[in-house]
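Working notes, beginning with the structure itself.
Counting starts at 1 for both ligands and their atoms, in listed order.
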Amino acid sequence: MCGIVGYVGNKDALPILLESLKKLEYRGYDSSGVGFLDHDSHLIVRKSKGKIRNLEEMIQGEHLPFAHAGISHTRWATHGFPSDCNAHPHTDSKHHIAIVHNGIIENYQELKNALKKKGCKFISETDSEVIPNLIASFYKGDLLLAVRQTIAKLKGTFALGIISREHPDMLIAARVGSPLVVGIGEAENFIASDVPAILDRTRRVIYLKDGQIAVLTKTQVELFTFGGKKVTPKIDTVSFNVVAARKEGYPYFMLKEIHEQPDVLAQMLSLRLKNKRLALEGLGLPDKVLKQVRKVMVVACGTAYHAGLVGKYAIENLSRLPVEVTTSSEFRYCNPIVDKHTLVLAVSQSGETADTLAAAREARAKGSRVIAICNVVGSSLAREADGILYTYAGQEIGVASTKAYTAQLMMFYLVALKLAQVRRSLAPRESKDLISQLLRIPSLCREILKNMHHIQKIADANSHFGCFLFLGRHVNFPSAMEGALKLKEISYIPAEGYAAGEMKHGPIALIDEYRAVVCINPQSHVYEKMSSNMQEIRARRGNVIAIATRGDRKIGPNADFLIEVPRTHELLSPLLVALPLQMLAYFIAVKRGCDVDQPRNLAKSVTVE
Ligand code: AGP
């Protein structure tokens with residue numbers, strides 16, 4: 001996610017803008033920039049691809065003037081690859097107004113076309129660049145009015161910082177869908193994407209709400225609605241430290257990241273499904289090449305591997321292409337059978353996992369095209385692949401992968417739809433139904449998260465068990481494996497994910513009253529079979545925790561504990577069952593006093609073999 005800082009006050013803005021921006025680096029970014037107004041109201045902008053130190057080196061030699069107001073930004077690319085030109089701040093074509101933006105302007109193309117007709121010149125590939133040009137087109141002396149008129153034209157999400165040559169002692173901020181906080185200082189005021197950036201300068205903050213605009217000078221902060229109505233600001237005093245601030249009130253980053261999933265998935269869908277049409281920017285392979293694909297090979301590790309297993313069901317069901325899924329550590333040593341007609345999908349949150357990097361290199365050496373599905377922009381895997389599909393889930397700090405996993409799942413469904421479109425393997429009506437059900441997933445996830453305390457009670461009631469089995473069938477067999485991994489890696493409880501149909505071939509010998517068995521059984525064509533497995537477990541006094549579709553009246557007698565998820569297309573159910581599985585693991589680990597964010601022996605990215 002992008003990071004925003006703004007300053008207006010008696011001190012020199014530039015060092016404050018850079019120092020505060022560095023405190024947002026943990027959010028992950030690929031470029032940075034700063035814009036400010038000097039004494040003569042000249043608008044000065046400097047920006048650079050890469051780390052903030054690149055920006056500092058760029059301006060080190062210059063004797064930049066003292067400035068009272070400015071904005072700075074770390075960019076997490078969504079439209080347009082990482083580059084100096086695409087970095088923020090962006091200005092209007094006459095260089096009077098500069099903005100920094102976090103979010104996605106969904107209707108930027110039509111706005112850009114209209115502005116071009118008025119003679120605006122654009123230099124970047126970003127959606128954000130339309131904003132300063134729109135403000136300039138409305139500006140007739142009242143900056144706040146021009147900003148309000150601009151906002152009225154924007155569709156999508158944004159947190160904005162705005163400065164103007166005509167108003168050298170003013171800073172304007174606005175938000176909808178992306179966080180922004182105002183800091184109240186002594187003869188200075190600030191804006192920031194979140195509190196850690198300004199906590200060393202002030203503890204008095206206003207958490208901007210969606211639909212609010214803040215107008216800051218060094219001595220005053222005024223709040224307005226987008227409609228122009230004045231709002232009395234509520235000033236909070238921050239009592240926690242910086243690390244706690246980054247958790248935004250959650251006890252662990254993992255819980256924060258679990259709760260970020262609806263927004264992450266909504267952002268992915270608004271970026272990749274524009275007006276319900278697929279937009280896999282970065283795929284890098286034209287349709288005619290995709291048409292020649294005869295097999296898909298997925299290489300990944302851990303949670304990413306489980307996402308690949310779900311992806312197999314999605315791609316095979318929708319595109320009828322055969323899919324093989326292999327752990328990277330096995331793929332690289334098995335003399336794999338891949339060639340130029342094999343599409344290799346290398347999946348890695350970090351993009352730095354040694355085994356997956358090596359597997360991707362092995363596949364390319366054998367003539368296959370490699371598409372990376374990554375979360376960290378500019379990572380090694382992203383740079384080496386033939387195409388890159390970023391999940392843009394924002395930096396994932398908890399070692400146990402949560403939002404990156406569901407974002408990987410979402411990406412697999414989109415890739416499956418793309419392959420189905422190219423191969424015409426799916427009836428238009430089916431494709432339309434799947435897309436409309438995909439678009440509902442973020443709100444269904446929000447409903448599940450509301451059920452958190454019920455899941456916590458179930459976790460507490462089962463946290464004493466010394467061994468867990470996770471069972472699922474078909475597309476939720478991988479969900480069972482992912483649920484087991486989540487639990488074992490943060491609670492250290494032995495846990496195994498199994499295909500439920502395999503129970504009678506051995507694992508059922510494990511079942512007794514000392515075992516907890518999580519049975520994943522949402523409505524599906526294998527529901528009855530899975531219900532029989534649940535009965536077999538209860539007949540042997542196993543403790544069953546069921547995850548089932550809300551309103552299922554038959555499941556009750558087969559379970560000791562029930563967690564309900566909303567109904568969706570059965571192929572999409574892993575997106576929903578992932579959340580209770582993550583929360584079960586989280587609450588059991590917390591109950592056991594484990595270090596949820598940094599479990600023993602584990603690293604966030606395994607960059608060695
Ligand atoms: C998942 O919770 C674990 N942290 C681990 O299995 C992880 O998924 C695996 O190491 C792969 O990491 P990557 O996605 O960064 O390649």
Hey, mind stepping through Y313 and H474 against ring-ring contact (aromatic ring centres under 6.0 Å, His included) and telling me if it holds? CA-CA 8 Å; Y313 286 95; H474 191 254; 4.8 Å; yes
Keeping D560 on the side-chain end and V544 on the backbone end, is there a donor-acceptor pair under 3.5 Å? yes
Donor-acceptor side-chain pairing of N521 and K529 below 3.5 angstrom: no
Min heavy-atom dist V399 to ligand 1 below 4.0 Å: yes
Atom 11 (C) of ligand 1 sits nearest the protein heavy atom C301 O, 3.5 Å
Ion pair check, D287 and K418, cut-off under 4.0 Å: yes
For atom 16 (O) of ligand 1, grab the closest protein heavy atom and report residue, atom and distance to one decimal in Å. T353 OG1, 2.5 Å
Quick one: does any side-chain atom of K488 pair with a main-chain N or O of A495 as donor and acceptor, under 3.5 Å? yes
Examine distances only and state if a side-chain atom of R446 and a backbone atom of I441 form a donor-acceptor pair shorter than 3.5 Å. no
I need the atoms of ligand 1 closer than 4.0 Å to a non-hydrogen atom of S401, numbered in the order shown. 1 (C), 2 (O)
Under 4.0 Å from one or more heavy atoms of S348, ligand 1 contributes atoms 13 (P), 14 (O), 15 (O), 16 (O)
For K295, is there an ion pair with E324 - N to carboxylate O distance below 4.0 angstrom? yes
Looking at ligand 1, does any of its N/O atoms fall within less than 3.5 Å of an N/O of E489? yes
Under a 4.5 Å cut-off applied to non-hydrogen side-chain atoms, are P574 and N476 in contact? yes
Check ligand 1 against K486 and write out every atom of the ligand that is under 4.0 Å from a heavy-atom position of the residue. 1 (C), 2 (O)
Closest to atom 14 (O) of ligand 1 among protein heavy atoms sits Q349 N, 2.7 Å
of all protein heavy atoms, closest to atom 10 (O) of ligand 1 is V606 CG2, 4.1 Å
Is it true that R332 and E362 have a side-chain N and a carboxylate O under 4.0 angstrom from each other? no
Looking only at protein heavy atoms, which one is nearest to atom 15 (O) of ligand 1, and how far off is it? S350 OG, 2.7 Å
Provide the number and element of each atom of ligand 1 under 4.0 Å from a heavy atom of A400. 2 (O)
Looking only at distances, please establish whether an N/O atom of ligand 1 is found under 3.5 Å from an N/O atom of Q408. no
Which residue supplies the protein heavy atom nearest to atom 8 (O) of ligand 1, what is that atom called, and how far is it? T303 N, 3.1 Å
